[in-house]
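Ligands are counted one by one from 1 in listed order, and the atoms in each one are counted from 1 as well. What you see is a predicted model; the values in this text were computed from it and never measured. Only this structure's heavy atoms are used, side chains among them; waters, hydrogens and symmetry mates stay out.
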Amino acid sequence: MDTKQFIPKELSNSIEKASFTWQTPSNIALVKYWGKSDPQIPKNASISFTLSNCYTKTSIDFVRKQVSNQACNFELYFEGKKKEDFKPKIEKFFERILMYCPYLLDYEMEIHSENSFPHSSGIASSASGMSAIAMCLLSLECALSKVEMSDAFIKRKASFLARLGSGSASRSIEGPLVVWGAHAEIPESSDVFGTKFPFQVHSIFEDYQDTILLVDKGEKQVSSTIGHNLMHNHPFAAQRFTQANENLSKISQYLQKGDINSFIKLVESEALSLHAMMLTSDPYFILMKPNTLEIINAIWHYRKVTGSKACFTLDAGANVHLLYPLSEKNEVLQFIDNELSMFCQKNQYICDHVGLGAVEK
Ligand code: DP6
């Protein structure tokens with residue numbers, strides 16, 4: 001993939017001040033990304049549902065520098081307060097994308113960011129956070145560009161930039177289903193940006209529901225970055241990457257045909273395979289908690305007794321995402337209140353559903 005297409009050619013310097021605000025959602029992977037090589041290239045293709053209610057809203061105020069220098073100058077405010085500890089990650093992100101966004105050097109930036117979900121909920125905010133910044137940068141680039149930028153190119157470049165901040169962020173620009181990672185059966189799929197799942201999806205997956213059961217809201221013991229790194233030299237890595245790519249082929253068919261039983265099996269197996277990689281890393285680690293397993297068992301029991309199509313998935317943490325068709329919403333919410341919320345910290349969960357990606361505010 002030719003990444004030179006993302007280096008802007010003709011920019012004007014006519015803009016002294018500008019401000020842009022974007023809201024971008026989190027996403028939940030069905031086939032998981034776990035393992036990467038430099039620079040943020042995934043070892044296998046992944047696919048996710050874009051979410052809706054769990055989002056980051058970010059504004060960036062740009063003011064042209066009076067005296068130019070060779071640094072990216074910015075201040076960062078998170079939920080109204082200056083956040084020095086978030087700055088190194090953003091600094092590294094800006095350094096990585098500088099060749100694609102040279103205008104970053106021309107402006108003082110003030111970044112204001114907030115999440116719709118509690119910061120300590122254990123929900124990954126890097127996907128929504130990095131994609132929101134990427135969209136704000138693209139808005140500035142559009143304003144500066146002497147050549148017209150198509151909507152498709154804007155999204156593609158935003159996803160390309162977001163990926164360089166956090167891999168899964170590449171899947172948060174669009175919705176309802178996004179593939180990231182080159183895959184033979186997904187036309188246009190790429191290792192360097194996410195693309196919308198290109199096929200017609202069966203109506204059963206429309207407005208799919210995701211209730212996030214907040215089992216553990218604390219800081220993760222092992223970050224995703226460390227976890228990805230442990231896939232280098234992992235004894236099962238090669239097999240896992242093959243399995244994930246094969247699972248993407250399969251889930252593509254299930255989504256198109258509405259084969260929900262096969263979908264359930266594949267999605268749950270993916271979640272457990274992801275955690276199996278963690279259990280078998282060197283050093284090994286466990287991110288699930290006892291209540292994660294309580295919830296999984298309760299879901300299996302509920303499905304057996306009722307014939308429900310609800311299933312679970314996990315990200316790199318202890319929380320459980322309960323996925324189910326819209327048609328089951330009332331019953332599943334009852335089930336959660338009666339049998340699952342007791343395993344959540346302070347009985348808390350977040351109701352979300354599939355969404356369409358970034359929105360300008
Ligand atoms: C388990 O995107 O958080 O959620 O690229 O290092 O920022 P970095 O990792 P990140 O990894 C997400 C891993 C996952 C699976 C997934 O979302 O596909």
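On a distance-only criterion, N27 and ligand 1 share no N/O pair closer than 3.5 Å. Considering both main-chain and side-chain atoms, S168 comes within under 3.5 Å of ligand 1 through a nitrogen or oxygen pair. Some N or O of H228 is nearer than 3.5 Å to an N or O of ligand 1, by distance alone.
For the 3.5 Å distance criterion, the side chains of T280 and H234 qualify, holding a donor opposite an acceptor. No donor-acceptor contact under 3.5 angstrom links the side chains of N27 and T50, judged on distance only.
Atom CZ of F285 and atom CG of L230 lie 5.5 Å apart (nearest 0.5 Å). The line from OH of Y100 to CZ of F6 is 9.0 Å long, rounded to the nearest 0.5 Å.
With a heavy-atom cut-off of 4.0 Å, A29 touches ligand 1 through its side chain alone. At a heavy-atom distance under 4.0 Å, atoms from both the backbone and the side chain of S166 approach ligand 1.
In summary, the atoms of ligand 1 found under 4.0 Å from a heavy atom of A316, numbered by their order in the structure, are 1 (C).
Considering each of R171, K36, Q40, the one bringing a non-hydrogen atom nearest atom 16 (C) of ligand 1 is R171.
A cation-pi arrangement, defined by a distance under 6.0 Å to the six-membered ring centre and an angle within 45 degrees of its axis, is present between K87 and F74.
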